Amino acid sequence: MQNVWREGNQFTLLPEASRFLPAMFEAINAAQHYVLVELYLMESGELADQVSEVLINAVQRGVSVCLLLDGYGSMGLSNDDRQRLRQGGVQLRFFNPIGFHSLALNLSRDHRKIVVIDGVLAFTGGFGAVDEFLNAWYEIALRIEGPVVADWEQLFRRLWSSRLTRNEKGDSSRGVLPEQREPQVHTNGVSGRAMSARGYRYQAIRHSLHDRVNNAGERVWLCTPYFVPTFALRRRLIRAARRGIDVRLLLPGDKHDHPGVRFAGQRFYQALLKAGVRIYEFQPTFIHAKFVLIDDWISIGSCNFDHWNLHWNLEANQEVIDPRLAAEVRQLFERNFAASQEVDAVAWAARPWGQRAREWIYGVLDAMITRLK
């Protein structure tokens with residue numbers, strides 16, 4: 001059963017690749033039964049080599065390894081690297097490879113990030129196996145233990161067996177999945193649920209966020225790399241700020257992998273600032289992380305909360321209610337706010353026409369793309 005709150009879990013916040021990559025590799029190296037990995041981005045390079053090596057080493061120890069990649073997000077993975085994985089014994093499958101079937105089907109992507117080890121441990125976040133995560137992009141991950149791991153594993157297993165998932169030869173033969181193992185219930189553990197979404201057909205992540213914003217009592221802090229929010233989310237953020245809630249957005253600065261997306265989102269700044277929303281643009285690097293803190297509720301995962309993600313993609317976030325983890329996430333936000341440039345409402349209202357023109361142009365493009373839905 002998906003999207004159900006489970007008790008008895010433990011969560012560990014892992015900010016930055018220097019923490020979450022070693023933690024994931026260590027867990028895979030310690031696997032005894034199976035490793036399940038689902039990623040959107042994987043392309044040939046240093047990090048892909050590291051991931052391939054640790055997975056192949058696991059196979060050589062007798063561990064069953066299944067790797068599920070998005071058919072579009074993995075287009076940068078060379079044939080040689082794919083062959084290396086297959087020859088190393090990794091079961092490799094692709095979700096919805098690009099084809100000539102239909103535009104709408106091609107637009108549906110698997111944007112989730114899931115790693116499950118032996119049914120007892122999982123990781124999620126916004127990570128991928130591309131070199132930008134080594135030193136160019138700021139990212140976070142969450143280590144998950146407890147009953148909710150079974151829900152993450154079920155998300156993987158269902159998609160692995162989906163009719164849209166193919167092996168390297170393009171057929172739907174599914175290989176052999178290992179028997180699922182049961183996770184441990186942790187005494188004094190906390191509540192958590194694995195939230196999944198599947199485009200416009202199933203938007204549980206969005207509805208959950210909306211409910212939390214509507215009922216916030218103290219703060220709504222949101223970090224997203226691609227800030228092109230829906231009208232419904234903008235309205236809720238504005239209403240929360242007007243009723244005295246501390247609403248803050250942590251967004252990328254000018255170090256952005258898609259500058260046009262940044263300009264499209266900036267057209268909403270003035271209305272948000274006028275309502276009392278505080279906006280911080282992160283300066284050190286491109287911030288690719290997706291995490292939300294609303295009072296003691298945390299959501300960390302793959303969802304960017306933009307039009308595109310919410311309408312087309314398969315997404316998955318881990319939700320947690322835990323004052324201890326909330327305090328850690330609050331401290332993480334505060335460190336990142338300190339490394340950011342806060343947008344001044346008065347200065348933004350007087351921004352030059354060149355900036356306004358870019359917002360308008362990319363806003364029109366965003367509106368055109370939105371109409372594809």
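Computed from a predicted structure; not experimentally measured.
- When atom types are taken as modelled, the side chain of R166 and the backbone of R163 share a donor-acceptor pair closer than 3.5 angstrom.
- With sequence neighbours excluded, the residues satisfying salt bridge (charged side-chain N to carboxylate O under 4.0 Å, His left out) with R262 are E281.
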- Query: Are L92 and N167 close enough, and set up right, to give a side chain to side chain contact (heavy atoms under 4.5 Å, CB included), and what steps lead you there?
  - Reply: CA-CA 6 Å; L92 180 61; N167 64 17; over 6 Å; no
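- At least one donor-acceptor pair closer than 3.5 Å links the side chain of H256 to the backbone N or O of H258.
- When all heavy atoms are compared, the tightest approach of P147 to P183 is CA-CG, 3.7 Å.
- Relative to the six-membered ring of F263, R358 meets both conditions, a distance below 6.0 Å and an angle of at most 45° to the axis.
- Salt bridge present: D151 and R6 bring a charged side-chain N and a carboxylate O closer than 4.0 Å.
- Distance check, rounded to the nearest 0.5 Å: OG1 of T230 to CG of L209 gives 8.5 Å.
- Applying the salt bridge (Lys or Arg N to Asp or Glu O under 4.0 Å) test to residues at least two apart or on different chains, the pairs with a partner in residues 65-78 are D70-R109.
- There is a path of hydrophobic side-chain contacts, each under 4.5 Å, that joins V292 to W5.
- R143 pairs by the salt bridge (charged side-chain N to carboxylate O under 4.0 Å, His left out) definition with E145, not counting sequence neighbours.
- Between atom CZ of residue R239 and atom CG of residue N214 there is a gap of 8.0 Å, rounded to the nearest 0.5 Å.
- With a 4.5 Å cut-off on side-chain heavy atoms, F156 and L177 count as touching.
- Residues A264 and F268 come closest through the heavy atom pair O-CE1, 4.0 Å.
- A donor-acceptor contact closer than 3.5 angstrom is absent between the side chains of E315 and S196.
- Judged as a salt bridge (Lys or Arg N to Asp or Glu O under 4.0 Å), the pairs with a partner in residues 31-53 (not counting sequence neighbours) are, in order, E38-R112, D49-R84.
- Crowding of Y72 atom OH: a count of heavy atoms from other residues, nucleotides or ligands under 6.0 Å not exceeding 12.
- Linking ILVMFWY side-chain heavy atoms closer than 4.5 Å, directly or via other members, places V185 and V120 in two distinct hydrophobic clusters.
- In summary, the aromatic rings of F133 and F127 are positioned with their centroids too far apart to meet the 6.0 Å limit.
- With sequence neighbours left out, T12 forms a side-chain hydrogen bond (donor to acceptor under 3.5 Å, both in side chains) with no residue at all.
- Pairing each heavy atom of V65 with each of A58, the nearest pair is CG2-CB, 3.9 Å.
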- Worked check of side chain to side chain contact (heavy atoms under 4.5 Å, CB included) between Y34 and I117: CA-CA 6 Å; Y34 56 86; I117 294 96; over 6 Å; no
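- Scanning both residues, V176 and Q91, for their nearest heavy atoms gives O-NE2, 2.8 Å.
- How far CG of N57 is from OG of S52: 10.5 Å, rounded to the nearest 0.5 Å.
- Side-chain atoms of S302 come within 3.5 Å of backbone atoms of A316 as a donor-acceptor pair (strictly under, hydrogens ignored).
- Put simply, CD1 on I114 and CZ on R157 are 12.0 Å apart, with the number rounded to the nearest 0.5 Å.
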Could you list the donor-acceptor pairs under 3.5 angstrom formed between side-chain atoms of residues 13-25 and any protein atom two or more places apart in sequence or on another chain?
residue: R19; atom: NH2; partner: L13; partner atom: O; Å: 3.4

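- The side-chain heavy atoms of W160 and R93, taken from C-beta on, include a pair separated by under 4.5 Å.
- Using a distance-only test at 3.5 Å, with no hydrogens or angles considered, a donor-acceptor pair links the side chain of Q318 to the main chain of R193.
- For the salt bridge (charged side-chain N to carboxylate O under 4.0 Å, His left out) test, residues two or more places apart in sequence or in another chain that qualify with R351 are E359.
- Between G125 and I300 the shortest heavy-atom distance is CA-CG2, 4.5 Å.
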- Kindly determine whether F282 and N336 satisfy side chain to side chain contact (heavy atoms under 4.5 Å, CB included), including the steps that lead there. CA-CA 7 Å; F282 190 69; N336 289 330; 3.5 Å; yes
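- Here the CG-CD1 distance, from D344 to I279, works out to 11.5 Å after rounding to the nearest 0.5 Å.
- Partners of D81 by side-chain hydrogen bond (donor to acceptor under 3.5 Å, both in side chains), not counting sequence neighbours, listed by chain and number: S44, S78.
- The closest side-chain heavy-atom distance from T124 to W152 is below 4.5 Å.
- Side chains of Q83 and R86: a donor-acceptor N/O pair is present below 3.5 angstrom, by distance only.
- By the side-chain hydrogen bond (donor to acceptor under 3.5 Å, both in side chains) test, E139 pairs with H288, sequence neighbours left out.
- Between Y40 and L314, every side-chain heavy-atom pair lies at or beyond the 4.5 Å cut-off.
- Side-chain atoms of R267 and Y269 include no donor-acceptor pair closer than 3.5 Å.
- Here Q184 pairs with nothing under the side-chain hydrogen bond (donor to acceptor under 3.5 Å, both in side chains) rule; sequence neighbours left out.
- Q355 CD: more than 12 foreign heavy atoms inside a 6.0 Å radius.
- Closest approach of A48 and A129 over heavy atoms only: CB-O, 4.0 Å.
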Quiz: residues 322-334 side-chain donor-acceptor pairs under 3.5 angstrom, not counting sequence neighbours:
residue: D322; atom: OD1; partner: R324; partner atom: N; Å: 3.2
residue: D322; atom: OD2; partner: L325; partner atom: N; Å: 3.3
residue: R324; atom: NH1; partner: E328; partner atom: OE2; Å: 2.4
residue: R324; atom: NH2; partner: F11; partner atom: O; Å: 3.0

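- Looking at D257 and Y226, their side chains come closer than 4.5 Å, going by heavy atoms from C-beta outward.
- Counting only distance, with no hydrogens or angles, the side chain of S340 and the backbone of E342 share no donor-acceptor pair below 3.5 Å.
- The main-chain N or O of A194 is never found under 3.5 Å from a side-chain atom of N317 such that the two would form a donor-acceptor pair.
- If you take CD on E132 and CG on L41, they are separated by 8.5 Å, rounding to the nearest 0.5 Å.
- Of the N and O atoms on the side chains of S191 and E7, at least one donor lies less than 3.5 Å from an acceptor on the other residue.
- Taking the side chain as every heavy atom from C-beta outward, V277 and L249 approach each other to under 4.5 Å.
- Looking at heavy atoms from C-beta onward, R278 lies out of side-chain contact with L273 at the 4.5 angstrom threshold.
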Please tabulate, for side-chain N and O atoms in residues 215-225, each donor-acceptor pair with protein atoms closer than 3.5 Å (sequence neighbours left out).
residue: N215; atom: ND2; partner: D211; partner atom: O; Å: 2.8
residue: W221; atom: NE1; partner: D246; partner atom: OD2; Å: 3.3
residue: T224; atom: OG1; partner: N304; partner atom: O; Å: 2.6

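- Remark: side-chain polar atoms of S74 are not paired, donor with acceptor, to backbone N or O of L77 under 3.5 angstrom.
- Contact of the N96 side chain with the T165 side chain is not registered, since no non-hydrogen atoms from C-beta on lie closer than 4.5 Å.
- Atom OH of Y138 sits in a crowded spot, with more than 12 heavy atoms from other residues, nucleotides or ligands closer than 6.0 Å.
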